[in-house]
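For ligands, and for the atoms within them, numbers begin at 1 and follow the listed sequence. Computed from a predicted structure; not experimentally measured.
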Amino acid sequence: MEDKTRAMATSDDAIGIFDSGVGGLTVLHALLEALPQEDLVYLGDTGRYPYGTKSAETVTRYSIENVDFLIAKGIKLLVVACNTASSVALGALAVRYPVPVVGVIEPGARAAAARTRNGRVGVIGTEATIASGAYTTALRAVKPGLEIYTRPCPLLVALAEEGWVEGPIPQSVVETYLATLQKSGIDTLVLGCTHYPLLKPVIGGVMGDSAEETARAVAELLAARGLARGRGPGSTSFFVTDVPDRFIRIGQRFLGARLESAVRLER
Ligand code: DGL
């Protein structure tokens with residue numbers, strides 16, 4: 001069945017992307033920049049956000065339901081644009097579905113491993129991402145000798161959604177979270193959560209941003225499989241699992257562009 005469906009995927013099919021809500025729009029932004037000719041279908045599981053505080057089992061179940069929806073749209077490739085879902089569900093998704101699956105962990109780990117000079121890398125993410133150890137595994141797979149220091153930073157998600165990304169309050173929250181990592185002498189920090197790039201002004205320093213690296217991985221994979229769409233411009237459609245108002249309002253900041261509308265899924 002796998003080969004048959006793969007054979008049926010064509011370069012004109014869309015790329016499917018999902019996240020727990022607005023966060024994956026930072027990845028979508030990078031995909032739009034890198035692959036403007038592609039059609040993109042984005043699903044934000046806003047009805048069940050956040051994923052970062054939930055168990056691996058629950059996030060995997062949600063992820064499967066999200067991908068069932070995207071697969072029914074006839075996608076040629078899946079992007080798991082959520083660090084938490086990529087950390088805990090990528091393996092389950094990759095064996096379950098007949099399309100290539102790209103997560104955000106491995107590209108982010110590759111970028112950080114290439115960037116560090118002293119071999120000490122920090123990783124910040126949601127509680128579930130850090131607890132999974134997925135970044136540590138991915139970083140060690142690229143460079144076994146790395147020293148890796150991790151820290152869950154759950155408040156940063158709320159700050160990013162609230163738009164509190166500059167000034168004394170986020171500054172002090174970030175300093176408190178990062179103090180121990182900085183004492184460890186890290187020279188590179190992996191922003192292991194979709195929301196953290198918005199806080200770059202207060203995080204500062206050398207950072208690995210997995211969104212751009214993920215878009216590059218998608219472009220390479222499409223080219224290698226002969227699935228890149230030759231002509232454009234592509235279209236983007238948005239789906240959510242709760243009323244779309246908040247997704248549209250907050251999502252524009254994550255996308256860095258106007259978000260006209262999103263369709264609510266009835267489940
Ligand atoms: N998108 C999630 C991530 O990158 C952050 C938000 C959430 O907890 O659902 O881990």
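For the pair T26 (side chain) and T194 (backbone), a donor-acceptor distance under 3.5 Å is present.
Atom 10 (O) of ligand 1 has its closest protein heavy atom at T84 OG1, 2.6 Å. Nearest non-hydrogen protein atom to atom 8 (O) of ligand 1 is G52 N, 2.8 Å.
Only one option out of F69, Y51, Y49 pairs with Y62 in a ring pair (Phe, Tyr, Trp, His ring centres under 6.0 Å); it is Y51.
Checked for salt-bridge contact, R231 and D12 meet the test: a charged N lies under 4.0 Å from a carboxylate O. Salt bridge status for E147 with R120: present, with a side-chain N to carboxylate O gap under 4.0 Å. Under 4.0 Å is where a charged nitrogen must lie from a carboxylate oxygen, and between R110 and E106 at least one such pair does.
Where the criterion is an N or O separation shorter than 3.5 Å, residue side chain and backbone included, T53 fails it with respect to ligand 1.
Per-residue contacts place Y49 under 4.0 angstrom from the following atoms of ligand 1 (heavy atoms of the residue considered): 6 (C), 7 (C), 9 (O). Annotation for ligand 1: atoms under 4.0 Å from non-hydrogen atoms of C193 are 3 (C), 4 (O), 5 (C). Within ligand 1, the atoms closer than 4.0 Å to a non-hydrogen atom of Y51 are 7 (C), 8 (O), 9 (O), numbered from 1 in the order shown. Less than 4.0 angstrom separates some heavy atom of D19 from each of these atoms of ligand 1: 1 (N).
Here S87 pairs with I105, T129, S132, A134 under the side-chain contact (heavy atoms from CB on, under 4.5 Å) rule; sequence neighbours left out.
Counting heavy atoms under 4.0 Å from ligand 1, residue S20 touches it through the side chain alone. With a 4.0 Å heavy-atom cut-off, ligand 1 is reached by the side chain of T126 but not by its N, CA, C or O. When heavy-atom distances to ligand 1 are checked against a 4.0 Å cut-off, V104 has no atom that comes that close, whether in backbone or side chain.
Side-chain atoms of S20 and D45 include no donor-acceptor pair closer than 3.5 Å.
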